[in-house]
Structures are given as structure tokens and as C-alpha cells.
Amino acid sequence: MVQRQAFALRSLIGKPIRFDGSTFILLDVIDAAHPKDWTNEPHYHPWYEFNYLQEGALYTTLGDTEFLSQKGQFFLIPPGMIHSHRNCNGIGDDGVCLRWSLEPVGEVAKILSEPHPSPGRYPFERIFGAQPLNNEWSKRGTLIQLLLGICATFDPGGRMPFDYSQDEALVNQALLYLSQYYAQNIRVDEVAHSLNVSYRHLARIFKSVTGQTVIQKLNAIRLEEARRLLAETNMPVGEIGKQVGFTNEYYFSAIFKQVIATTPTQYRAMMKSR
């Protein structure tokens with residue numbers, strides 16, 4: 001029964017789920033075991049990340065605040081929040097990590113839409129309560145209880161269901177990261193940090209699944225948006241390049257011509273003449 005429940009959860013990966021008026025899409029279910037000397041550099045990501053410790057202890061830093069999570073405790077990282085992790089005085093940890101995307105509604109959506117003093121920082125305590133979280137979270141208590149129930153039945157030692165691919169789940173999360181942050185100066189190692197995998201592992205899996213490198217896919221996303229802006233706006237070519245993530249206009253034009261087989265200016269003229 002325990003294995004079937006964990007596998008049933010994984011079978012929902014990538015499928016939209018309606019919860020309390022929001023759309024909830026499970027991205028991955030990970031057995032998160034870390035060695036005694038493990039650290040994770042500061043990073044952020046476009047998904048929610050729910051972490052539950054079944055054994056051991058772990059320090060997590062959110063912005064300028066560090067807190068300790070121990071066995072039986074959990075915490076939730078919202079999208080865009082800069083954070084990092086480190087071991088607790090030589091103690092390893094073992095638990096489960098759930099990643100999902102969520103279209104917030106109501107009060108949560110209102111709070112997330114408010115301006116904040118620095119990029120990548122949300123009023124964590126207003127949305128989720130104390131750090132780490134407790135199961136008295138009033139507005140989303142049902143979801144927290146559901147996640148705790150999931151964690152209680154998670155069995156990392158079981159066999160994966162036939163329709164679950166860790167590689168595809170990893171690539172889908174990387175694609176979500178690229179589609180969300182393409183306008184920023186993205187480095188592949190930053191994407192890898194957000195997924196808690198090595199640069200080489202991400203590069204190998206991404207190329208194997210998509211047939212493209214991470215940078216090739218990133219440029220494809222940027223160029224698709226550039227084509228839209230060239231066709232639909234009168235924005236200067238250099239500004240369009242910057243808006244889609246190319247800081248150098250000449251490099252933007254060179255990449256555009258290499259992939260699209262025409263210059264941005266020629267492409268705009270062609271689209272306007274239709």
C-alpha cells in the first residue's frame with residue numbers, strides 16, 4: 001500500500017490538479033538524502049518547493065535569515081525567493097522534496113503581487129507563517145496536511161512506475177526555469193543549482209532528452225519572443241535584444257541571423273509587409 005501511494009503520486013506529475021480554486025501541477029517527487037558535508041549555493045526557481053525532513057537536520061537561509069529544520073519538520077520555498085542550504089554541524093539529512101507550480105488566487109495572489117524592497121524576496125512570514133512552517137497554516141492547512149500525508153507514505157526504496165521518468169521530470173523543470181527567466185542573464189550552473197544537480201548531469205540529461213543544449217534551448221526561447229516583438233511592436237532592435245536576454249546587440253543580431261536566416265531588421269520588414 002505504501003509503495004502504491006507513492007507511485008500514484010508520481011503518476012500525477014505534469015497533470016493539472018484543481019485545489020481550492022487554484023491550478024496545482026506536480027513537477028517532481030524526490031527522495032532528498034544529503035551527506036554530512038552537503039551544501040547548496042544561493043539560488044532561486046520558478047516553482048514551489050516543499051521539503052520534509054524524515055531524519056537528520058538541515059540549515060536553510062532565506063534572504064538574510066537562517067533557520068534550522070529537524071526530523072519531523074518541513075518548510076516551503078515560494079517561487080523567486082533566493083535561498084541556500086547547508087548541513088547542520090556534520091549531521092546529514094534524509095527526507096522528501098516536492099516541487100510544483102501553482103496559480104495563486106485570493107489573498108495569496110494579492111500578497112505576491114505587492115511590491116517588495118528587493119527582487120526575489122517575498123513576505124514569507126505573511127504567506128506561510130513561522131519559519132519553519134507548522135501545520136497550523138490556516139489558509140492552506142488542507143494542502144499542508146495532504147503534503148505531510150504524502151511524505152509519510154513516501155518510499156524512496158521502491159521501484160519507479162513504468163510511466164515515470166526522472167530525466168524527463170528534470171528536463172521539464174529546467175524548461176520551466178528557462179521559460180520563466182529567459183530575459184535574465186542565465187548561466188547553466190544556476191539552473192543546475194536550482195535543481196540540486198551538477199552542471200554536467202543537467203547538460204547530459206538535457207541534451208539526451210531534447211536533442212539541444214541548455215543554451216541552444218534558451219536562445220530558441222529568446223528568439224521566439226524576439227520574433228514576436230519585432231512583428232508586433234516598433235521597439236528598437238537593440239532594446240528588443242536586451243528585453244529577451246541578449247545584452248549585446250551585435251551578438252543578438254548574429255544569433256538571430258544564424259538561426260532565422262535573416263537579420264532582425266529584415267525580419268521586421270518582411271512581417272510588416274504582410
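Predicted model, so just to flag it, every value in this text is computed and none were measured.
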In the structure I gave you, are the side-chain heavy atoms of [X] and [Y] within less than 4.5 Å of one another anywhere?
X	Y	result
Val171	Ile205	yes
Gln73	Leu53	no
Leu223	Phe252	yes
Cys88	Leu68	yes
Cys97	Phe50	no

*Glu41, CD: over 12 other non-hydrogen atoms inside 6.0 angstrom*: no
*Decide whether Met235 and Ile255 are clustered together by the hydrophobic rule: side chain heavy atoms of Ile, Leu, Val, Met, Phe, Trp, Tyr closer than 4.5 Å, transitively.*
yes
May I have all residue pairs that pass side-chain hydrogen bond (donor to acceptor under 3.5 Å, both in side chains) and include part of [range], sequence neighbours excluded?
range	value
residues 232-250	Arg228-Glu232
residues 173-186	Asp28-Gln173, Tyr44-Gln184, Arg99-Gln173
residues 259-269	Arg227-Tyr267, Thr262-Gln266, Thr263-Gln266

Residues which pass side-chain hydrogen bond (donor to acceptor under 3.5 Å, both in side chains) with [X], listed by chain and number, not counting sequence neighbours:
X	result
Asn219	none
Gln258	none
Arg204	His201

*Kindly write out the residues that satisfy side chain to side chain contact (heavy atoms under 4.5 Å, CB included) with Ala174, not counting sequence neighbours, or none if the list is empty.*
Val191, Leu195, Leu202, Phe206
_Residue list, ring pair (Phe, Tyr, Trp, His ring centres under 6.0 Å) with His83, at least two apart or on another chain_ = His43, His45, His85
*Which residue pairs pass the salt bridge (Lys or Arg N to Asp or Glu O under 4.0 Å) test when at least one of the two sits in residues 182-197, sequence neighbours left out?*
Arg187-Asp189, Arg187-Glu190
*salt bridge (Lys or Arg N to Asp or Glu O under 4.0 Å) with Lys257: which residues, sequence neighbours excluded?*
none
*With ring centroids as reference points, do Phe256 and Phe246 lie under 6.0 angstrom apart?*
no
